[in-house]
Amino acid sequence: MINYKDMIADIIVENVSDLTKEDVLGMIEVPSDEKMGDYAFPCFRLAKVLRKAPPLIAKDIAAKIEGNEVFEKVESVNAYVNMYISRGNFAKELVKEVIEQKEDFGKSNLGAGKKVIVEFSSPNIAKPFHIGHIRSTVIGNAIYKLYDCLGYETIRINHLGDYGTQFGKMICAYRRWGNKEDVIKEPIKTLLQYYTKFHVEAENDPSLDQEARDIFTKLENGSPEEMELWQWFRDESLKEFTVVYDMLGIEFDSYAGESFYSDKMDRFVNELKDKKLLQESNGANIVDLEPYGMSPALITKSDGSTLYITRDIAAAVYRKEHYDFYKNIYVVASQQNLHFQQWFKIVELLGYEWAKDCVHIPFGLVSLEDGTMSTRQGRVVFLEDVLNRAVNQTMEIIREKGVATDDIEATAKQVGIGAVVFQELSNNRIKDYTFSWDKVLNFEGETGPYVQYTHARAASVLRKASEESVAKAAKLEMFNPEFISSDSAYELAKLIYKMPDVIKEAAEKYEPSILTRHIINIAQGFNRFYHHEHVNVENESEKLTKLALVISAKTAIKNGLALLGMSAPEKM
RNA sequence: GGGGCACUAGCUCAAUGGAUAGAGUCGCAGACUUCGAAUCUGUCGGUUGGGGGUUCGAAUCCCUCGUGCCUCACCA
């Protein structure tokens with residue numbers, strides 16, 4: 001497949017010696033209006049260098065590019081060079097490539113030999129997995145898939161919140177008011193009840209806090225009884241989390257949470273001391289970050305115990321030594337911006353040059369209509385409930401419409417859960433949003449079901465044609481680009497063509513929504529084409545050619561959805 | 001109070017410093033005897049929070065003010 005941008009850049013660089021290819025690639029753009037061509041090159045900035053009026057420069061450049069057979073037309077309009085791709089050849093090359101590559105369309109080997117760690121989801125043990133957790137979980141998964149697709153070796157880490165004084169409280173509460181059967185039946189809800197009760201009781205009886213601290217100290221020192229309980233809480237919680245992960249089709253390579261690093265922290269406290277970075281302050285140890293415009297970072301508490309910043313430092317060093325990452329990505333809420341800035345800086349001050357390879361990918365806050373989420377006050381929406389309701393609603397819609405899917409339940413899961421995932425990945429991650437049932441259960445317009453429906457519709461068109469025709473179309477038999485040179489067909493082809501670049505951009509910017517939006521565009525393009533033209537027509541050549549385009553669009557949508565962690569049903 | 005982020009159509013959101021700021025949704029008007037109407041077509045809708053500045057060109061960069069959210073030492 002021709003890389004048009006690359007080609008244009010080469011021609012321009014050849015003729016304008018003052019520019020590097022990189023400059024030119026950055027300047028080439030896609031006009032807002034397709035009537036102005038497929039690619040455009042604005043010449044304003046060349047005026048100073050070339051000491052010539054922009055329109056004249058545009059005219060000269062246009063003359064150089066013109067005559068190249070891949071373009072149907074090249075013209076200069078004021079200071080712009082507008083280039084129109086020759087449609088027939090383009091469509092044929094594109095369709096051929098997509099059909100040949102199938103599920104590999106969009107992949108590349110850009111990251112061959114480089115390891116990327118993505119830390120995401122990371123819920124707290126014994127706390128509910130609620131709608132707020134969907135963000136890190138789903139965005140992180142998409143980022144992992146994007147990097148995987150670009151050929152990077154990836155490691156998915158679920159950095160479980162499985163350590164800290166809270167577990168002293170939990171064990172304390174369990175021993176006082178707990179019951180084994182209840183925990184087994186509903187681990188998280190029960191444990192949370194104990195935890196909440198602990199806080200209520202501790203208000204009246206401060207000795208409880210001391211008891212909890214003592215228990216945690218025992219746990220830290222490896223006391224068998226405490227360890228056993230902790231391990232049990234952890235296992236039961238993880239079982240419950242796994243239900244949700246299975247629904248979402250998400251897996252991890254490592255569940256090394258905070259506890260994993262509990263014995264790996266002394267080294268850094270000592271290193272900080274040796275490098276004279278640590279200061280004593282009110283009995284605690286801090287790193288002064290004032291010179292870098294940040295508030296001080298608390299490394300150890302006045303009682304000598306460590307905090308999560310120390311664990312994060314230990315974890316990062318462990319990962320560097322254990323995996324030797326190229327990039328170490330943290331998909332964690334924007335609330336923790338300062339935390340990450342602080343410890344990235346500390347790692348840098350410790351002299352680790354790879355500090356620059358650690359990236360925090362923040363995302364905005366989810367709130368509920370009646371305020372921010374609060375588990376203790378019962379203001380919480382469980383992720384599992386959201387997914388289940390979306391699935392149930394899908395089931396109803398499928399029954400209403402009477403579509404003959406092979407397995408209604410399986411399809412409803414794909415569509416319902418897909419709807420929730422897709423919506424999560426639709427907007428820029430940095431935006432805050434308010435959770436609303438109406439919105440999450442809306443399946444019309446720019447939604448997951450819309451895109452999946454489009455895919456199912458394409459599948460349906462292929463079913464309508466004979467298997468033989470589809471096989472012939474896939475081999476580009478009787479292919480005549482004339483039949484897909486209409487505006488709607490051409491726009492669709494262009495959108496498919498851009499997908500590999502969009503995948504790269506989404507990965508570079510750690511922004512899955514860029515891909516989500518593009519998939520919507522492809523779906524819109526397909527639906528427009530579908531309504532505008534008939535595919536299964538009498539004329540064999542026309543039919544086979546259009547079928548080839550349908551196969552390509554279907555492939556692109558399916559591959560795109562897969563990168564978002566969604567499946568694309570054949571019927572729905 | 002310090003720091004950070006956000007502010008674009010009634011609502012939810014797009015827009016690598018480029019040409020006339022685009023979608024979806026809502027409202028209104030249409031399209032199923034023709035490959036799936038979870039669809040499509042048309043229409044209505046804008047002082048890009050206010051004000052300065054830089055630039056040939058600003059929603060985008062800089063300054064300033066406003067509003068909202070997050071964060072700032074023994075939770076994570």
Side-chain angles (χ1 to χ4, degrees), chain A residues 25-33 36 40 42 44-45 47-48 53-54 77-80 82 122 124 127 159 161 163-166 258 281-286 293-303 305-309 311-312 332-339 341-342 362 364-365 367 372 394 397-398 400-401 403 415 419 423 426-428 430-434 436 439 442-454 456-465 505 509 513-514 517 520-521 523-524 526-528 530-537 543 546-547 550 571-572:
Chain A
L25 279 173
M27 286 163 77
I28 296 170
E29 55 190 62
V30 175
S32 48
D33 186 342
M36 296 182 289
F44 302 101
R45 281 193 293 186
K48 266 184 196 159
V77 178
N78 296 323
Y80 287 90
N82 291 341
S122 313
N124 287 329
K127 293 240 178 99
H159 191 71
Y163 203 70
T165 43
Q166 47 172 332
E258 288 166 29
S281 169
N282 297 327
N285 281 309
I286 62 160
M294 286 182 265
S295 47
L298 196 61
I299 303 295
T300 62
K301 298 192 253 179
S302 40
D303 67 1
S305 58
T306 55
L307 288 115
Y308 79 134
I309 197 163
R311 283 194 280 279
D312 269 339
V332 179
S334 62
Q335 287 161 11
Q336 298 199 27
N337 278 351
L338 177 62
H339 166 73
Q341 279 169 23
Q342 284 179 324
L365 193 79
S367 52
T372 47
T394 309
I397 295 176
I398 292 177
E400 246 172 57
K401 294 187 185 293
V403 182
V415 176
Q423 196 198 37
S426 291
N427 298 338
N428 282 345
I430 203 66
K431 301 261 182 183
D432 293 344
Y433 72 87
T434 305
S436 115
K439 225 173 118 185
N442 169 37
F443 292 172
E444 273 157 32
E446 295 171 336
T447 65
Y450 168 76
V451 174
Q452 288 174 320
Y453 173 82
T454 307
R457 173 182 256 174
S460 175
V461 172
L462 297 181
R463 277 196 301 273
K464 213 79 182 175
E505 195 193 344
K509 294 184 175 165
S513 66
I514 295 174
R517 304 234 148 236
I520 293 172
N521 289 339
Q524 285 172 336
F526 179 83
N527 283 321
R528 228 167 273 146
Y530 174 88
H531 277 274
H532 195 253
E533 294 183 50
H534 208 79
V535 176
N536 287 309
V537 291
K543 180 168 88 176
K546 285 180 171 174
L547 281 173
V550 173
K571 293 179 188 173
M572 63 183 270

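Worth knowing before you read on, the calculation uses all heavy atoms, side chains too, and leaves out hydrogens, waters and symmetry mates. Protein chains get the first letters and strands the later ones, always in sequence-line order, with residue 1 at the start of each.
For the C1' atom pair drawn from B/G17 and B/U12, the interatomic distance equals 27 Å after rounding to whole Å. If you take atom C1' in B/A21 and the same atom in B/A76, they sit 42 Å apart, rounded to whole Å. The same atom, P, is picked in B/A58 and in B/G53; the two are 12 Å apart, to the nearest Å. Across the C1' atoms, B/U41 and B/A23 are found 16 Å apart, a figure rounded to whole Å. B/U34 and B/C40 have their C1' atoms separated by 15 Å, given to the nearest Å. Straight-line distance between the C1' atoms of B/A15 and B/G24: roughly 15 Å, to the nearest whole Å.
The side-chain hydrogen bond (donor to acceptor under 3.5 Å, both in side chains) check on A/Glu533 picks up A/Ser486, A/Ser488, A/Lys546, with sequence neighbours excluded. In terms of the side chain to side chain contact (heavy atoms under 4.5 Å, CB included) criterion, residue partners of A/Ala79 (sequence neighbours excluded) are, by chain and number, A/Phe44, A/Pro54. Residues that satisfy the side-chain hydrogen bond (donor to acceptor under 3.5 Å, both in side chains) test with A/Thr454, not counting sequence neighbours, are A/Asn527. Listed by chain and residue number, nothing satisfies the side-chain hydrogen bond (donor to acceptor under 3.5 Å, both in side chains) test with A/Asn78 (two or more places apart in sequence, or in another chain). For A/Tyr308, the ring-ring contact (aromatic ring centres under 6.0 Å, His included) partners at least two apart in sequence or on another chain are A/His339. Take A/Gln423 and apply the side chain to side chain contact (heavy atoms under 4.5 Å, CB included) test, not counting sequence neighbours, and it matches A/Lys439, A/Val440. Shown here are the side-chain hydrogen bond (donor to acceptor under 3.5 Å, both in side chains) partners of A/Ser305, two or more places apart in sequence or in another chain: A/Asp303. The salt bridge (Lys or Arg N to Asp or Glu O under 4.0 Å) check on A/Glu258 picks up A/Arg311, with sequence neighbours excluded.
Between A/Ile397 and A/Val77, the residue whose closest nucleotide on RNA chain B is further toward the 5' end is A/Val77. Residues A/Val30 and A/Asp33 each lie close to RNA chain B; by heavy-atom proximity, the contact nearer the 5' end of the strand is made by A/Val30.
Remark: C1' of B/A38 and CD1 of A/Ile520 are 14 Å apart, rounded to the nearest angstrom. Atom C1' of nucleotide B/U25 and atom CZ of A/Phe443 are separated by 16 Å, given to the nearest angstrom. If you measure from atom CD1 of A/Ile430 to atom C1' of B/G4, you get 10 Å, rounded to the nearest angstrom. Between A/Glu505 atom CD and B/U16 atom C1' there is a gap of 7 Å when expressed in whole angstrom units. Rounded to whole Å, the distance from CZ on A/Arg45 to C1' on B/U55 is 11 Å.
Residues A/Ser295 and A/Leu338 have side chains in contact (heavy-atom distance under 4.5 Å, counting atoms from C-beta outward). Residues A/Lys401 and A/Met572 have side chains not in contact (no heavy-atom distance under 4.5 Å, counting atoms from C-beta outward). In this structure, the side chains of A/Gln336 and A/Asp312 stay at 4.5 Å or more apart for every pair of heavy atoms.
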N/O to N/O distances under 3.5 Å, protein versus nucleotides 74-76 of chain B:
from	atom 1	to	atom 2	distance (Å)
B/C74	O2	A/Ser302	N	2.7
B/C74	O2	A/Ser302	OG	3.3
B/C74	N3	A/Ser302	OG	3.2
B/C74	N4	A/Asn282	O	3.0
B/C75	OP2	A/Lys301	NZ	3.3
B/A76	OP1	A/Arg311	NH2	2.7
B/A76	OP2	A/Tyr308	N	3.4
B/A76	O3'	A/Glu258	OE1	2.8
B/A76	O3'	A/Glu258	OE2	2.2
B/A76	N6	A/Tyr308	OH	3.0
B/A76	N1	A/Tyr308	OH	3.4

Please tabulate the protein-to-nucleotide N/O contacts below 3.5 Å involving nucleotides 10-13 of chain B, giving atom names and distances.
from	atom 1	to	atom 2	distance (Å)
B/U12	O2'	A/Lys439	NZ	3.1
B/C13	O2'	A/Asn427	OD1	3.3
B/C13	O2'	A/Arg517	NH2	2.6

Pick out the pairs of N or O atoms, protein on one side and nucleotides 34-37 of chain B on the other, that lie under 3.5 Å.
from	atom 1	to	atom 2	distance (Å)
B/C35	O2	A/Val535	N	3.4
B/C35	O2	A/Asn536	N	2.9
B/C35	O2	A/Asn536	ND2	3.2
B/C35	N3	A/Val535	N	2.9
B/C35	N4	A/Tyr530	O	2.6
B/C35	N4	A/Glu533	O	2.5
B/G36	OP1	A/Ser460	OG	2.5
B/G36	OP2	A/Ser460	OG	3.3
B/G36	O2'	A/Tyr453	OH	2.7
B/G36	O2'	A/Arg457	NE	3.0
B/G36	O2'	A/Arg457	NH2	3.3
B/G36	N7	A/Ser460	OG	3.2
B/G36	O6	A/Met572	N	3.2
B/G36	N1	A/Met572	O	2.7
B/G36	N2	A/Met572	O	3.1
B/A37	OP2	A/Arg457	NH2	2.7

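At distances below 3.5 Å, not a single donor-acceptor pair connects side-chain atoms of A/Asn282 with backbone N or O atoms of A/Ala284. A donor-acceptor pair under 3.5 Å is formed between the side chain of A/Asn536 and the backbone N or O of A/Val461.
Taking a pair as Watson-Crick or G-U with both hydrogen-bonding distances under 3.5 Å, the stems of three or more pairs touching RNA chain B are B:1-7 with B:66-72, B:10-13 with B:22-25, B:27-31 with B:39-43, B:49-53 with B:61-65.
Residue A/Gln341 is out of contact with every strand shown, counting any heavy-atom pair closer than 4.0 Å. Using a 4.0 Å heavy-atom distance criterion, A/Ile299 is classed as making no nucleic acid contact. Looking at heavy-atom distances under 4.0 Å, A/Asn285 makes no contact with the nucleic acid at all. Within 4.0 Å (heavy atoms only), A/Ala79 reaches no atom of the nucleic acid at all. Backbone-only engagement by A/Arg528 is indicated by non-hydrogen atom pairs under 4.0 Å involving sugar-phosphate atoms exclusively.
Within a 6.0 Å radius of CG in A/Asp33, other residues, nucleotides and ligands contribute more than 12 heavy atoms. At most 12 heavy atoms of other shown residues, nucleotides or ligands fall within 6.0 angstrom of atom NE2 in A/His532.
Distance from the side chain of A/Tyr450 is smallest for B/C40 among the nucleotides B/C40, B/C70, B/A73.
In textbook terms, a nucleotide whose glycosidic angle is within 90° of 0 is syn, and B/C32 is one such case.
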